[in-house]
*Asks:* 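One structure follows; several queries about it will come next.
All chains are named by letter (A, B, ...) in the order of the sequence lines, taking the proteins before the strands, and each is independently numbered beginning at 1.
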Number of protein chains: 2
Amino acid sequence: MSEMLPGPRLLPLVDAPPPERRDAARNRELLLEAARRLVHQHGAPGVTMDAVAAAAGVGKGTVFRRFESREGLMAAVLNYSESEWQGAVMSGPAPLGPGAEPWERLLAFGRSRLETTLVHAELIRAAGRAGGSRSFAAYSFATRHVHYLLHELGVTGDLPLLAVALLAPLEALILDQQVTVEGFPLERVYAGWVDLARRIVGVRT
Amino acid sequence: MSEMLPGPRLLPLVDAPPPERRDAARNRELLLEAARRLVHQHGAPGVTMDAVAAAAGVGKGTVFRRFESREGLMAAVLNYSESEWQGAVMSGPAPLGPGAEPWERLLAFGRSRLETTLVHAELIRAAGRAGGSRSFAAYSFATRHVHYLLHELGVTGDLPLLAVALLAPLEALILDQQVTVEGFPLERVYAGWVDLARRIVGVRT
DNA sequence: CGGACAAACGGACCGCGGTCCGGTTCCATT
DNA sequence: AATGGAACCGGACCGCGGTCCGTTTGTCCG
């Protein structure tokens with residue numbers, strides 16, 4: 001028993017999440033792909049968990065072990081879709097990507113976010129607030145990006161809150177209400193957002 | 001057949017909704033009351049439709065005929081709760097109610113709305129977007145009120161959109177994220193909102 | 001008062017999200 | 001290669017939201 005202590009191989013002060021077994025990882029891929037396909041075919045509300053499990057050739061329990069809940073699965077699909085957009089913002093062509101003036105980037109961001117939200121509206125609804133605290137990547141990403149742009153523009157104040165104020169009117173719930181229910185044309189909504197941005201950032205052209 | 005035309009008793013150009021039968025009205029009351037009681041006792045997520053039906057001494061089908069869906073029922077309960085607040089805004093004491101300067105009223109409105117939203121957060125979640133287009137009264141009421149205050153303050157621009165921009169950061173989803181998840185103190189969120197209002201309305205004290 | 005029709009009622013029934021647990025598979029260690 | 005145990009797998013099972021349809025009740029007329 002009292003051997004030479006081999007010394008800790010790793011010191012997991014904060015417990016590292018144990019790695020995923022090979023079959024588990026494989027099934028996660030299978031499931032995500034099947035889910036993406038089915039959502040594309042039948043729309044998010046028309047996809048049942050049993051269907052996803054069957055399409056992936058896997059038991060239902062497995063679906064829930066890999067992705068917590070239906071919302072979790074939808075959030076994963078959504079994340080996958082949004083990652084393309086995130087790439088465009090981080091390293092795509094200007095003015096959305098880097099290279100343009102911050103104000104131009106902000107305008108491009110608003111328009112792009114507006115459209116992306118509407119395209120993914122169904123999925124966003126289905127994802128709910130997936131898994132609670134670990135809010136899915138898109139929200140946090142957008143917030144940080146706007147925060148950065150505001151900083152770049154020399155805006156002073158509580159930047160995290162101002163960033164949220166700028167993003168809130170672009171939330172799916174609200175956009176859906178304005179565009180689908182009240183019938184505001186998209187251009188009007190965008191123009192309104194630009195006006196808001198102008199007032200928050202300060203006077204502009 | 002060719003009698004004297006008795007003349008139309010009513011001319012329902014827009015079809016009037018046929019009146020509710022007496023037992024139907026009674027059951028609606030019974031159900032709403034039972035639902036309010038159960039929600040108060042067990043919290044919105046812990047209330048099942050069967051339980052509400054049983055508590056009201058009524059069949060389950062009746063619940064769904066009177067209130068479309070679970071969300072519909074929750075929206076009705078929510079509406080009931082919010083009507084008190086609406087009264088305070090419309091005819092309560094200043095500065096929330098009439099009598100104060102528009103800017104003071106706006107500030108009072110923001111604070112009050114912030115608190116009310118947090119109190120009703122659970123119910124708001126459960127209500128979803130009850131019944132689709134007929135968005136429950138609170139949303140439309142708050143929007144109109146802010147619209148009015150902005151007008152009173154002499155703000156120019158697309159007022160309906162600016163009103164929404166001012167209300168969006170007070171939406172339950174967003175507040176919940178900021179307060180519960182990110183742990184921002186309530187005072188900070190309110191101060192941020194005041195700052196936003198200042199920027200939208202124009203310079204102020 | 002009586003009869004007829006529409007509207008409302010109730011509860012059996014269905015589909016889906018989510019859980020549970022006995023059996024199986026992978027990986028580390030010897 | 002053999003072995004022990006942890007992680008994973010599958011599908012039977014459960015509770016709840018929502019629907020359906022045969023029966024009852026209210027209301028309006030003659």
*Asks:* In whole angstrom, what separates B/D23's CG from D/dG26's P?
*Replies:*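 That distance rounds to 6 Å.
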*Asks:* Taking the inter-plane angle between the rings of A/F141 and A/W85 on a 0 to 90° scale, is it parallel (under 30°), tilted (30 to 60°) or perpendicular (over 60°)?
*Replies:*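 Rings of A/F141 and A/W85: perpendicular, over 60°.
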*Asks:* Rounded to the Å, how far apart are A/N27 CG and C/dT24 P?
*Replies:*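 Going from A/N27 (CG) to C/dT24 (P), I get 17 Å.
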*Asks:* Taking B/L149 as the fixed residue, which of B/L106, B/V201, B/V155 is the one that meets the side-chain contact (heavy atoms from CB on, under 4.5 Å) rule?
*Replies:*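 Single side-chain contact (heavy atoms from CB on, under 4.5 Å) partner of B/L149 among B/L106, B/V201, B/V155: B/L106.
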*Asks:* For B/S83 and B/Y80, indicate whether the former's side chain and the latter's backbone hold a donor-acceptor pair under 3.5 Å.
*Replies:*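 Judged by distance alone, yes, a pair lies under 3.5 Å.
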*Asks:* Donor-acceptor pair, A/R199 side chain versus B/R199 backbone, under 3.5 Å?
*Replies:*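 Side chain of A/R199 to backbone of B/R199: no pair is present.
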*Asks:* For A/L175 and A/L170, which heavy atoms make the closest approach, and how far apart are they?
*Replies:*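 So the minimum-distance heavy-atom pair works out to CD2-O, 3.6 Å.
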*Asks:* Show which side-chain atoms of residues 23-35 of chain B pair as donor or acceptor with protein atoms under 3.5 Å away, not counting sequence neighbours.
*Replies:*
unit_1	atom_1	unit_2	atom_2	d
B/D23	OD1	B/R21	NE	3.4
B/D23	OD2	B/R21	NH2	3.2
B/R28	NH1	B/E20	OE1	3.2
B/R28	NH1	B/E20	OE2	2.2
B/R28	NH2	B/R66	O	3.2

*Asks:* Would you mind building the protein contact string for nucleotides 11-22 of chain C? One character per nucleotide, 5' to 3', B for base within reach (heavy atoms under 4.0 Å), S for sugar-phosphate only, - for untouched.
*Replies:* B----SBBB---
*Asks:* Roughly how many Å is it from CG in A/L30 to C1' in D/dC8, rounded to a whole number?
*Replies:*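 Answer to the nearest Å: 15 Å.
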*Asks:* Can you give me the N/O atom pairs linking the protein to nucleotides 5-7 of chain C at distances under 3.5 Å, or say none if there are none?
*Replies:*
unit_1	atom_1	unit_2	atom_2	d
C/dA7	N3	B/R21	NH1	3.0

*Asks:* Quick one: sort the B/W193 and B/Y190 rings into parallel, tilted or perpendicular, breaks at 30° and 60°.
*Replies:*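 Answer is parallel, since the angle falls under 30°.
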*Asks:* So that I can tick it off, tell me whether A/E82 and A/R113 are bridged by a salt bridge, with the cut-off set at under 4.0 angstrom between side-chain N and carboxylate O.
*Replies:*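 Answer for the salt bridge query: yes.
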